[in-house]
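Everything below concerns the one structure shown next.
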Amino acid sequence: MGKHNITLTINGESVSAEVESRLLLVHFIRENLDLTGTHIGCDTSNCGACTIMLDGKSIKSCTYLAVRADGAEITTIEGVAEPGTNSHLQKAFHDQHGLHCGFCTPGMIIRSMDLLKTNPNPTEEEIRWGISGNLCRCTGYNNIVKSVQQAATEMAKEKEASV
Amino acid sequence: MIPANFNYHKVSSVNEAIALSQKLGEEAKYMSGGHSLLPMMKLRFATPEHIIDISKIEGLSYIKEEGDLLKIGAMTTQTEMEHNALLKEKYPILGDAIWLTADPSVRNVGTIGGNIAHGDAANDQPALMLAMRATVVAEGTDGTKSIPIDEFFHGFYMTALEPSDVLIEIQIPKAKKSSGGAYVKIERKVGDYATAGVAVHIELDDSGVCQQIGIGLTNVSAVPMRLERGEEILRGQKVTDDLIAQVGQVASEDCEPESDLRGSEAYKRSIVNTITKRMLNKALERARQ
Amino acid sequence: MFKCKTSPEVGGMGHSVKRKEDARFLHGKGNYVDDVKLPGQLTMVLVRSPYAYAKIKGINKEKALAIPGVLAVITGYDLKEFNLHWMPTLLSDTQMVLPTDTVMHQSQEVCAVIATDRYIAVDGAEAVEVDYEPMKALVDPWKALDADAPLLRPDKEGQKDNQIYHWERGEREKTDAAIAAADVVVKERIYLPRIHVASIETCGCVASYDKDTQKMLVYMTSQAPHAIRTILALVAGHVGLSEEKIRIIAQDIGGGFGGKVPVYPGYVIAIAASFLIGKPVKWIEDRSENLVNGFARDYHMDCELAATKDGKIQAFKVSTLADHGYTDSSANPSKYPTGMFSICTGSYDYEHAFAELDAVYTNKAPGGVAYRCSFRVTEAVHAIERMVDKLAAKIGKDPAQLRFENFIKKEQFPYESPLGWSYDSGDYKQTLEKAMDMIGYDDYKKEQAEKRAQGKLMGIGICTFTEVVGAGPSKDFDILGIAMFDSAEIRVHPTGKALARFGTKTQGQGHETTYAQILAEELGIPYTDIQIEDGDTDTAPYGLGTYGSRSTPTAAAAAAMAARKLRAKGKKIAAHLLEVSEDDIDWEVGKYFVKGAPEKCKTIQEVAFAAYTNFPAGMEPGFEATHYYDPPNMTFPNGAYICVVEVEEETGAIDVKRFVAIDDCGNIINPMIVEGQVHGGLTQGIAPAMYEGIVYDDEGNVLNGTLMDYLVPTAVESPHWETGHTITPSPHHPLGAKGVAESPTVGAPPAIANAIIDALSPLGIEHLDIPITPAKVWEAIQVAKAKA
Ligand SMILES: Cc1cc2nc3c(=O)[nH]c(=O)nc-3n(C[C@H](O)[C@H](O)[C@H](O)COP(=O)(O)OP(=O)(O)OC[C@H]3O[C@@H](n4cnc5c(N)ncnc54)[C@H](O)[C@@H]3O)c2cc1C
Ligand code: FES
Ligand code: FES
């Protein structure tokens, strides 16, 4: 059935491809672009393992057609920080033991990036609601909350230092 | 889970959308956020042959007051509504609902237009629209039409929209001085569709008499429903605890829930009673501020 | 308290060092099975039965095969040609790989579509036409033994009814007599429903058979790769897949919790498909396949607890009906068909106990898998902890007080339990006291009294559990005859860095860090210098894998023992280098020194170098050691959990106000990781307590087979957990450690259930089965009010 040429920017690089109408963005990212850090954990848009950043907002890439991402700017976990460095969130997840098996982690980090952008100083409750579309089966969430709190604090400090 | 094959079409104007939909016929479906439609396609509950992507149409994403109306463009995402200063200040009922709708990533994509056009009594916006007496503005082959919300929902996933109609705007009477609204839903866990939800919008006059009242219910009927009998009880009356209790009772009687995984019919009727009362009180409190 | 022997840089036991494995996960570089992409790889999608019980009258492959890209549709008949259509389960039952004539549960595998791509394979599966003749399904296990029940397994020789087995432990007569004579007896039928682990990564594999080399390489999400390889060799040896030709690689696993122990038919079909086609075949479950085709629990337990009038427990009896679905595919040690259920006597000292169990077939998916506890400890603990609370309520005694009065005392360890376990160590009193202090038990009691006076529903729930983990001693524990030891192999390189490999398989527990810490503790080599590997059957030493909290009791012990072998060898080398006799050498972390002359010393790194360059004459060169650890006993971690809830009478809404968990898992390798494991386990405790449960209708259809309706808690449902620990080292474990990761999943549900039921007790409610949802609470309140 229908094929479409799309061009988009992913982790700073421009890519062009021909895609089928029904190709899901998550499969495009994982299978066509081999960026396997974005995961799949459900069929019903509930788990958030597939969360990516599209035009500055976290979205569930399993519920988005690849063809609709034409012209979009996408960040996946692979593009969150320069190679060999950690973003504040990556560092905080490491420091606070915010991950066990790591399967939910890319989605959690991307989602938390969006959360901290719209709410740089969230309460514990706001963090919990803010990541409620991302399931983690391992950590019990306590340390994910702490990770987001640490990142928020460090980002605020950095911002303060830069003004 | 993977959708069945279909053909994707992108359009950049409402007219283009309508013309294309006309051409492709019944087997074409509009997609705005796609967060109701695509999940159904992935499970193959929906197998449209054509998808017309209307999300790239410019100019349909806005929130503004104009004349007597609050106008929300159909393509406004739920996240945009959540963070909108005007809505936060004057229409907190929308914030109540959006906070309880799905999760932030879904709300980043799902649109108000899609939430209403989907015609699903489990969605949260229909009850709000019924309570607030919204008007749905759509464009179709025979021009622009304004559909009062009471005439909008026809059945399970069925609305007054013709297949080629594009919902372009929601119009809500502007918030009056002593008016207030509130929404809550009982859910099994965060992000779940409602076990039951109640939206209340109330307007008082200076003496505290209820001038206008709207009550909408979520997911306790096949078609999004307005609690007309309950509204009757309050209209023109000074609202008392006793009247509120009566409305709660009526709500539990008039709703049409079914027993399912979310709970028994009796349980749902009972919580509809409780949350109707709570939302009436909360709306009143807001109206009196 | 545990005192660290090493510096933070060395990072031995007791240090909360950060995890070594994090970097790859934080940057999207984990290697999960669905990330595997081999040249020419095909995809397999399974067609599954819409019926719970049906004859298959025909399968029409044509329309599917007509789709470009669909290469094959494999049915039971295709496998039958190779005698691969059935496979044995771990408990000497049999399970269909693909059916030839009958499907026994909804969503059972019916046939497999192999295609060049995922999307085409799904289209192919949609296009396969299966002609079913539905039959009346046997769904209710209580009807399984009725005379008119259909005989579900006529294929099994000698099977005359639907009973799989009867099991019992303890003294029936004495227990019955004690119950008959007791002042007080409380009774309850307690049901723990089917639940599913729902790790965020589903199961899957990529099987790749090379027709030229005749080798089968399988990437698999397996918690027990060696066991899987052995089983495969037993199942498929006759077609030429002998054990040395099979290589299983379990890379990163996105959560296991026991769901990745079994051999699912999908694995065998993918392996068979690759074997037939000669190309790599990938099979990844979707979420519904995952949720519907395996389960934990499903025990109906009739409990009786007898006591004196002032609450001294005298006897406990439990008779259980276990619904296993159409085959018993429990992953249990062969002599323990009901796992460690006989731990059900709990943390209390009394004489008489009896437990019996009847397992039956129904038209449901097989399972008896795990949910962060594979061996039925959760069921056992739920039974006793609910009953103890029921007893407290009945005689009007504070449940904490009742527990204190019945605890096994510290001095009584090792304690022989009435059902035959030898508890290794514990200080139950101290642990409960600590939990009560931390939560402020007395204050909550006062608050509760005040709230009750105002007609408000507030509850406090306690669970003081004893777990039994670390299977297990070879005299009792085996799987398919293979003793349940585990292994470690250490190779110290000439420069003093090391590589160690294990027979267990990490799935998020942090073994790459904790095992390195054990070696750091024993050898003084910094944990950062030690690389840990597992999961590849071609390289790792044989072991039975990670589940049942067994890694610390078995493999971690093996690591310590192997390291001690190295240390002994190192001593000889050090003596040689320092030119003294071995008897004159002493050890302190990281170095050997001459007794009385500590300045004369050799570091472990110097000794390692010498092992390759300058070893004593006659000594075998190199610095490597292997140990297979056969534990002398199980370990018995325990804990005291307290939960405070408020319940809203009008809606049944439940608000978990506080939850304190004090665990005693002996000596702790990495406190940060242990705490993290406890948090995770607690969320997997509140999940079955309040949210999760697989729901069947009367036809045997699963009604909630997606994450939309199977309610895995989010960060909002999951409370802010408060944790702590007491330390009673295991006397028989080389490091004094016990397993921990399942304790919270075992201990939390009864604490929560007890709290909610305590809240409802003023209304006369005495028991509710989990999951206790607001809807269930509301219904119970209506019934109670109608009665009153
Ligand atoms: C995991 C998950 C949880 C959710 N939970 C909730 C919840 O709790 N409450 C809730 O209310 N919603 C929930 N939703 C639905 C979500 O809010 C949807 O995004 C929203 O209902 C639909 O908006 P959409 O823009 O995505 O619509 P689409 O999916 O694009 O469209 C839905 C339907 O409306 C039609 N349509 C869309 N836009 C127009 C238009 N402008 N003119 C004419 N027809 C149109 C489409 O043809 C389609 O039939 C959930 C969704 C997900 C994935
Ligand atoms: S894969 Fe679960 S939400 Fe996208
Ligand atoms: S760390 Fe395993 S799912 Fe979150």
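Convention: sequence-line order gives letters A, B, ...; per-chain numbering from 1.
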For chain A, which candidate among D252(C), N31(C), I673(C), L682(C) shows the most heavy-atom pairs at distances under 4.5 Å?
I673(C)
So which of G30(C), P744(C), A198(C) has the largest heavy-atom pair count under 4.5 angstrom toward chain A?
A198(C)
Can you tell me which portion of L89(A) sits under 4.5 Å from chain C's heavy atoms? Options are side chain, backbone, both or neither.
neither
Check I52(A), I109(A), D114(A) against S58(A) for a side chain to side chain contact (heavy atoms under 4.5 Å, CB included) and give me the one that passes.
D114(A)
Test item: K282(C) side-chain N/O and R118(C) main-chain N/O as donor-acceptor pair under 3.5 Å:
no
Chain A: which of T683(C), V716(C), I253(C) shares the most heavy-atom pairs with it under 4.5 Å?
V716(C)
Has Q149(A) got a side-chain atom pairing as donor or acceptor with I127(A)'s backbone, closer than 3.5 angstrom?
no
Does any backbone or side-chain atom of L135(A) lie under 4.5 Å from a heavy atom of chain C? Answer side chain, backbone, both or neither.
both
Measure up the H39(A) and F103(A) rings against each other and bin them: parallel (under 30°), tilted (30 to 60°), perpendicular (over 60°).
parallel
Contacting moiety of H94(A), where chain C heavy atoms sit under 4.5 Å
both
Whatever's closer than 4.5 Å to a heavy atom in chain A on Q684(C) counts as side chain
Chain C interface, residue from E124(A), K91(A), Q96(A), Q90(A) that has the most non-hydrogen pairs under 4.5 Å
Q90(A)
Selection from N86(A), I144(A), T76(A) maximising heavy-atom pairs under 4.5 Å formed with chain C:
N86(A)
Which of the residues V145(A), T105(A), V80(A), D95(A) is involved in the greatest number of heavy-atom pairs with chain C at under 4.5 angstrom?
D95(A)
Taking all non-hydrogen atoms of both residues, which atom of I662(C) and which atom of M438(C) are closest, and how far apart?
CD1-SD, 3.8 Å
Need one label for T139(A): side chain, backbone, both or neither, based on atoms under 4.5 Å from any heavy atom in chain C.
backbone
Flag for S107(C)-E289(C): side-chain donor and acceptor within less than 3.5 Å
no
Between the main-chain N or O of T546(C) and the side-chain N or O of Q223(C), is there a donor-acceptor pair closer than 3.5 Å?
yes
Contacting moiety of N134(A), where chain C heavy atoms sit under 4.5 Å:
neither
Best-contacting candidate, A715(C), G28(C), G680(C), A687(C), against chain A by heavy atom pairs under 4.5 angstrom:
A715(C)
Counting heavy-atom pairs under 4.5 Å with chain C, the top scorer among G37(A), G102(A), G130(A), C47(A) is G102(A)
Would you confirm whether S61(A), through its side chain, and L25(A), through its main-chain N or O, come within 3.5 Å as a donor-acceptor pair?
no
Part of E31(A) within contact of chain C (heavy atom distance under 4.5 Å)
both
Checking I131(A) against chain C: side chain, backbone, both or neither under 4.5 Å from a heavy atom?
side chain
Among the listed options P713(C), S199(C), G510(C), G681(C), the residue most often paired with chain A at heavy-atom distances under 4.5 Å
P713(C)
Looking only at side chains, do Y119(C) and H27(A) share a donor and an acceptor under 3.5 Å apart?
yes
Nearest heavy-atom contact between Q517(C) and I669(C) is NE2-O, 3.5 Å
Below 4.5 Å, heavy-atom pairs only: which of M108(A), R30(A), E78(A), E125(A) has the largest tally toward chain C?
R30(A)
Please look at D34(C) and chain A and tell me whether the side chain, the backbone, both or neither of the residue comes under 4.5 angstrom of a heavy atom of that chain.
both
Could you check whether any side-chain heavy atom of S743(C) comes within less than 4.5 Å of a side-chain heavy atom of V678(C), counting everything from C-beta outward?
no
Out of R372(C), K29(C), K37(C), which one racks up the most heavy-atom pairs below 4.5 Å with chain A?
K37(C)
Whether the side chain of D43(A) engages the backbone of S288(C) through a donor-acceptor N/O pair (distance < 3.5 Å, no angle test) should be reported.
yes
Segment of L35(A) engaging chain C (4.5 angstrom heavy-atom cut-off)
neither
For Q677(C), is it the side chain, the backbone, both, or neither that has a heavy atom closer than 4.5 Å to a heavy atom of chain A?
both
Mind checking whether D709(C) and L703(C) have side chains closer than 4.5 Å, heavy atoms only?
no
S551(C) and Y515(C), any side-chain heavy atoms less than 4.5 Å apart:
yes
Which one wins on heavy-atom pair count under 4.5 Å against chain C: T44(A), N142(A), N46(A), T36(A)?
N142(A)
